Amino acid sequence: MKELIVCLLILLGFTLSNCTEKKKTPVSRTEITADLIHPLYFQEEVSSLINFPFWFNDSIVSGQKIKQLTITSYKGVLSDTNTYSDSDDETFPKRTIIYTFNQSGRLVQMQITDFSEGIIISNQSFQIGKPGILGYCEVVQKDNLYGVENNTFTYDLNRITADYAGFEASNDLDLIHFILNKKYFGPLSVDSIASPLPNDWIILGKPDRPEKRYKVQNKVKEKFISTYSYYSYNYPKVITNEDYPFFKKRYFNYEKGHFKGYTDSTFIDEIFVTSIKSFIYYNNKRLPEKAVHKKEHAESMNQYQTQEIFNYSFYE
C-alpha cells in the first residue's frame with residue numbers, strides 16, 4: 001500500500017511538472033517586416049497629422065532611389081463580383097497626393113490636389129523640414145489655390161515637457177494634447193496636465209504610436225473614442241472607433257510579416273451594418289502599386305469599390 005501511494009505521488013508530480021512546462025511555453029508573436037508604407041498611413045487621423053510624417057521607410061525610399069510617389073484616389077464603382085478589374089471606372093480622380101523625397105529618403109514636400117468631376121477644387125503644397133523631437137517636422141504651406149475645400153491643417157508646437165506635448169492647429173482653433181507618460185493616462189491627470197477644451201483632441205501615447213484618442217467634456221465624459229492595439233512596437237493589430245450609436249473595428253492583415261490590407265466592420269447597437277475589405281497589391285520590387293477597398297452591406301449582394309493607384313519616379 002505504501003509503495004502504491006509513493007507511485008501515485010510520483011505520477012502526480014510528473015503530471016504537474018508537464019502542466020507547468022506547458023504554461024511556460026512562449027506564445028508565438030507576429031513578426032512584422034517593414035514595407036515602404038507603414039500601415040498607420042491608412043489610418044486617417046494619423047496620416048492627417050502631416051507634421052509627423054513617419055509613414056514612409058526612408059531606407060527603402062533611398063535604396064529604391066524613389067524621387068516621387070504619387071497616390072491617386074478614384075471615385076467608387078459598383079461591382080457584382082469579388083474580383084478586381086483594371087477596366088473599372090477610373091475616369092475622375094478624387095484626390096492626388098504627390099510626395100517628394102530627397103536622395104537620403106527623407107520626405108521634403110507634399111502636394112495635395114482635390115477634384116470634383118475632374119475639376120480641381122483645391123490645391124495645397126507643403127514644404128517639410130527635418131524631424132526633431134517626437135518626429136515633429138516644421139511644415140510650411142507654400143500655396144493654397146482654388147479654394148479651401150478639404151483643407152489640411154498644419155500644427156505648431158505649443159508646449160512640451162517630458163510627459164506632455166501640445167500642438168496648435170493652423171486654424172487657431174484646435175489643440176492636440178499628447179500625454180506621453182502612461183502614469184498620467186487617467187482622466188484627472190489628463191485634466192491637470194493638459195486642461196483640454198471640448199474641441200481639443202487628447203492622444204494617449206506618442207504621435208507614431210497612439211494608444212487612445214478622444215475628446216472630453218467635464219473632465220471624464222469621453223466621446224469620439226479610438227483605441228489602438230499593436231503586434232510589435234507600432235505595427236497595428238486592431239483599432240476601434242466609438243461614436244454612439246456607431247462602433248467600428250479595423251483588423252490589420254499581414255502575410256508572412258508583410259502588410260497586406262485591413263478589414264473594417266461597422267455596427268449600430270451591436271448589429272452589423274457594413275464591411276470594407278481593403279487589399280494592398282505590390283509589384284515585383286515590393287513597392288505598393290494599388291489599394292482596393294470593397295464595401296459590402298448587410299442586405300446587399302452588390303459591392304461598392306474605391307481604389308488608390310501608386311506611381312513612382314526615380315533618381316537616376
Side-chain angles (χ1 to χ4, degrees), residues 30-73 95-113 123-143 152-157 165 167 178 205-210 228 230-236 252 254-262 278-291 308-316:
T30 300
E31 296 296 331
I32 309 299
T33 302
D35 288 301
L36 172 66
I37 301 179
H38 194 282
L40 284 175
Y41 171 85
F42 298 93
Q43 196 68 24
E44 184 178 357
E45 73 271 15
V46 177
S47 63
S48 63
L49 299 180
I50 65 174
N51 290 87
F52 304 95
F54 67 91
W55 327 299
F56 302 105
N57 186 299
D58 55 2
S59 297
I60 296 177
V61 173
S62 61
Q64 296 277 7
K65 298 184 178 181
I66 299 172
K67 182 177 182 179
Q68 286 188 331
L69 165 61
T70 301
I71 300 179
T72 305
S73 303
R95 166 175 279 199
T96 62
I97 306 179
I98 301 174
Y99 298 98
T100 301
F101 307 90
N102 64 16
Q103 289 185 304
S104 298
R106 182 172 67 84
L107 180 66
V108 294
Q109 187 172 326
M110 286 176 58
Q111 182 175 322
I112 304 173
T113 305
N123 188 74
Q124 298 173 273
S125 180
F126 302 92
Q127 202 75 28
I128 299 175
K130 293 182 179 180
I133 189 168
L134 296 176
Y136 174 78
C137 300
E138 184 178 352
V139 175
V140 177
Q141 185 164 349
K142 306 297 290 185
D143 55 52
T152 301
F153 299 129
T154 60
Y155 291 85
D156 293 321
L157 180 61
F167 298 88
F178 288 96
K206 296 180 180 180
D208 65 346
R209 194 185 188 278
Y228 308 75
Y230 297 90
Y231 282 110
S232 57
Y233 187 55
N234 67 342
Y235 288 100
F252 288 80
Y254 301 86
E255 184 178 291
K256 297 181 179 178
H258 290 283
F259 175 57
K260 293 292 291 182
Y262 49 91
S278 298
F279 305 90
I280 311 298
Y281 297 88
Y282 295 86
N283 62 22
N284 55 12
K285 294 183 178 181
R286 283 219 58 83
L287 298 178
E289 59 181 5
K290 67 179 174 238
E308 288 99 48
I309 303 297
F310 301 79
N311 290 298
Y312 302 86
S313 65
F314 301 90
Y315 288 101
E316 296 183 358

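Remember, it's a predicted structure, so these values are computed and weren't measured experimentally.
- Tyr41 has its ring centre no less than 6.0 Å from the ring centre of Phe259.
- Rounding to the nearest 0.5 angstrom, the gap separating the OG1 atom in Thr96 from the CG atom in Asn311 is 11.0 Å.
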Show me the donor-acceptor pairs within less than 3.5 Å that the side chains of residues 126-140 make with the rest of the protein, sequence neighbours left out.
from: Tyr136; atom 1: OH; to: Tyr155; atom 2: O; distance (Å): 2.7

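- Here side chain to side chain donor-acceptor pair (under 3.5 Å) pairs that include residues 59-72, with residues two or more places apart or in two chains, are Gln68-Thr100.
- Contact of the Trp55 side chain with the Ser47 side chain is registered, since non-hydrogen atoms from C-beta on lie closer than 4.5 Å.
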Could you walk me through whether Phe167 and Asn51 pass side-chain contact (heavy atoms from CB on, under 4.5 Å), step by step?
-> CA-CA 10 Å; Phe167 298 88; Asn51 290 87; over 6 Å; no
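- Cation-pi check for Lys206 over Tyr230 is not met; the charged atom does not lie both under 6.0 angstrom from the ring centroid and within 45 degrees of its normal.
- Scanning all heavy atoms of the two residues, the minimum distance from Pro210 to Val46 falls at CG-CG2, 4.4 Å.
- You'll find the side chain of Leu69 reaches within 4.5 Å of the side chain of Phe310, heavy atoms only.
- In this pair, Tyr262 and Phe252 present their aromatic rings tilted. The plane angle is within the 30 to 60° band.
- In this structure the side chain of Gln109 reaches within 4.5 angstrom of the side chain of Ser125, judged on heavy atoms.
- Nearest approach of Asn57 to Ala34, heavy atoms of both residues: ND2-CB, 3.5 Å.
- For Asn234 and Tyr228, the side-chain atoms include no donor-acceptor pair closer than 3.5 Å.
- Between Tyr281 and Phe279, the two ring planes are tilted [angle within 30° to 60°].
- Side-chain contact between Tyr282 and Leu36: absent, with no pair of heavy atoms (C-beta onward) separated by less than 4.5 Å.
- One distance of note links CD of Gln124 with CD1 of Ile97; it measures 10.5 Å at 0.5 Å rounding.
- Residues passing the ring pair (Phe, Tyr, Trp, His ring centres under 6.0 Å) test with Tyr235, sequence neighbours excluded: His38.
- With hydrogens and angles disregarded, no donor-acceptor distance shorter than 3.5 Å links the side chain of Asn283 to the backbone of Glu289.
- With sequence neighbours excluded, the residues satisfying side chain to side chain donor-acceptor pair (under 3.5 Å) with Thr113 are Asn123.
- Tyr233 has its side chain out of reach of Ile32: every pair of non-hydrogen atoms, C-beta onward, lies at least 4.5 Å apart.
- A distance of 7.0 Å separates CZ in Phe42 from CD in Glu308, rounded to the nearest 0.5 Å.
- The line from CE of Met110 to CD of Gln141 is 11.0 Å long, rounded to the nearest 0.5 Å.
- For residues 34-62, the salt bridge (charged side-chain N to carboxylate O under 4.0 Å, His left out) pairs, not counting sequence neighbours, are Asp35-Arg286.
- Taking 4.5 Å as the limit, every side-chain heavy atom of Ile280 sits out of range of all side-chain heavy atoms of Ile37.
- Residues satisfying the ring pair (Phe, Tyr, Trp, His ring centres under 6.0 Å) test with Phe101, not counting sequence neighbours, are Phe56.
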